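We use all heavy atoms of the structure for the numbers below, so side chains are in, but hydrogens, waters and symmetry mates are not. Predicted model only: the values in this text are computed from it and were never measured.
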Amino acid sequence: MTTRVIIVDDQAMVRAGFAALLAAQSDIDVVGDAPDGVQGVELSRRTHPDVVLMDVRMPEMDGLEAARQLLSPPPGVTHRPKVLMLTTFDVDDYVYEALRAGASGFLLKDAPPADLISAVRVVAAGEALLAPSVTRRLIADFARQRPAPRKDRASLRLNGLTPRETEVLELIARGLSNQEIAEALILAEQTVKTHIGRVLAKLELRDRAQAVIFAYESGLVAPGSGG
């Protein structure tokens with residue numbers, strides 16, 4: 001199955017380079033590119049890509065607002081692509097907000113070519129691109145910049161989880177991979193994946209990235225304890 005991709009970035013050389021790299025893959029089809037968020041949203045609505053590579057900082061409309069429009073479309077628009085944010089910064093506030101909006105992860109622009117190709121495939125498959133090390137940096141950023149968790153409706157939603165599902169969510173938020181969670185709870189990795197799927201469904205979260213943020217905002221895990 002071919003993954004349809006569009007590239008939204010204000011730098012023409014970045015768009016051209018990424019397009020050439022991805023188009024050379026037999027399972028990836030680059031169906032367009034755009035220089036800003038406004039044109040990126042319009043292009044996505046017209047071409048229905050599976051994955052949008054979205055720069056964070058652009059003129060006209062930045063990647064954050066464009067991601068919001070693509071992931072929370074107006075009535076009548078049913079297409080919701082996966083959004084992978086592109087940034088020159090390791091972890092910044094824009095990326096955090098993009099994850100809250102529903103982006104599936106982020107990638108540094110200077111990442112090796114193999115990482116870009118892998119990232120597109122991972123996101124297209126429905127996984128969040130948050131390696132444990134990246135999750136831990138995101139948590140550290142959260143702890144430095146974010147106010148106290150909102151223990152209201154979010155914490156009430158936790159009541160719908162089983163004790164095992166709550167354990168799994170906590171370990172996700174601490175930055176553990178599926179394999180590490182399986183080892184910690186003495187479970188098969190496939191069982192862990194099943195639990196994660198149920199957690200996301202019950203909490204109405206898009207992916208692992210939002211699960212991390214939810215765990216902190218609900219107060220399940222305290223900032224600074226992510227390891």
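With sequence neighbours excluded, the residues forming a salt bridge (charged side-chain N to carboxylate O under 4.0 Å, His left out) with Glu170 are Arg174, listed by chain and number. Under the rule for a salt bridge (charged side-chain N to carboxylate O under 4.0 Å, His left out), Arg80 has no partner lying at least two apart in sequence or in another chain. Residues meeting the salt bridge (charged side-chain N to carboxylate O under 4.0 Å, His left out) test with Arg45, sequence neighbours left out: none.
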side-chain contact (heavy atoms from CB on, under 4.5 Å) assessment of Val8 paired with Met58 = CA-CA 9 Å; Val8 185; Met58 293 181 291; 3.7 Å; yes
inquiry  = Apply side-chain contact (heavy atoms from CB on, under 4.5 Å) to residues Asp55 and Asp36 and explain how you reach the verdict.
reply    = CA-CA 8 Å; Asp55 188 19; Asp36 60 60; over 6 Å; no
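Ile6 is not listed as a side-chain neighbour of Val30, based on a closest heavy-atom distance of 4.5 Å or more. Contact check for Val192 versus Leu185: no side-chain heavy atoms found under the 4.5 Å cut-off. In this structure, Leu220 and Leu158 have side chains that are in contact, with non-hydrogen atoms separated by less than 4.5 Å. At least one side-chain heavy atom of Gln11 sits less than 4.5 Å from a side-chain heavy atom of Lys109.
Between the Ser44 side chain and the Gly40 main chain, no donor and acceptor come within less than 3.5 Å of each other. Ser218 places a side-chain N or O within 3.5 Å of a backbone atom of Ala215 that can act as its donor or acceptor partner. A donor-acceptor contact shorter than 3.5 Å is absent between the side chain of Thr191 and the backbone of Leu187. Side chain of Asp29 to main chain of Val31: no donor-acceptor pair is present (N/O by atom type, distance under 3.5 Å, no hydrogens or angles).
Pairs of residues two or more places apart, or lying in two chains, never qualify as ring pair (Phe, Tyr, Trp, His ring centres under 6.0 Å) while including a residue from residues 163-191. Within the structure, ring pair (Phe, Tyr, Trp, His ring centres under 6.0 Å) pairs that include any residue of residues 34-78 comprise His48-His79 (at least two apart or interchain).
Contact check on Arg121 versus Asp27 returns a salt bridge, with a Lys/Arg side-chain nitrogen under 4.0 Å from an Asp/Glu carboxylate oxygen.
Minimum interatomic distance between Leu22 and Ile28 (heavy atoms only, all atoms of both residues): O-CB, 3.6 Å.
For the atom pair CE of Met61 and CZ of Arg68, the computed distance is 10.5 Å after rounding to the nearest 0.5 Å.
Exactly one of His195, Lys202, Arg198 qualifies for a side chain to side chain donor-acceptor pair (under 3.5 Å) with Glu165. That residue is Lys202.
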Under 3.5 Å, which donor-acceptor pairs link side chains of residues 12-21 to any protein atom two or more places apart or in another chain?
from: Arg15; atom 1: NE; to: Asp33; atom 2: OD1; distance (Å): 2.9
from: Arg15; atom 1: NH1; to: Asp9; atom 2: O; distance (Å): 2.7

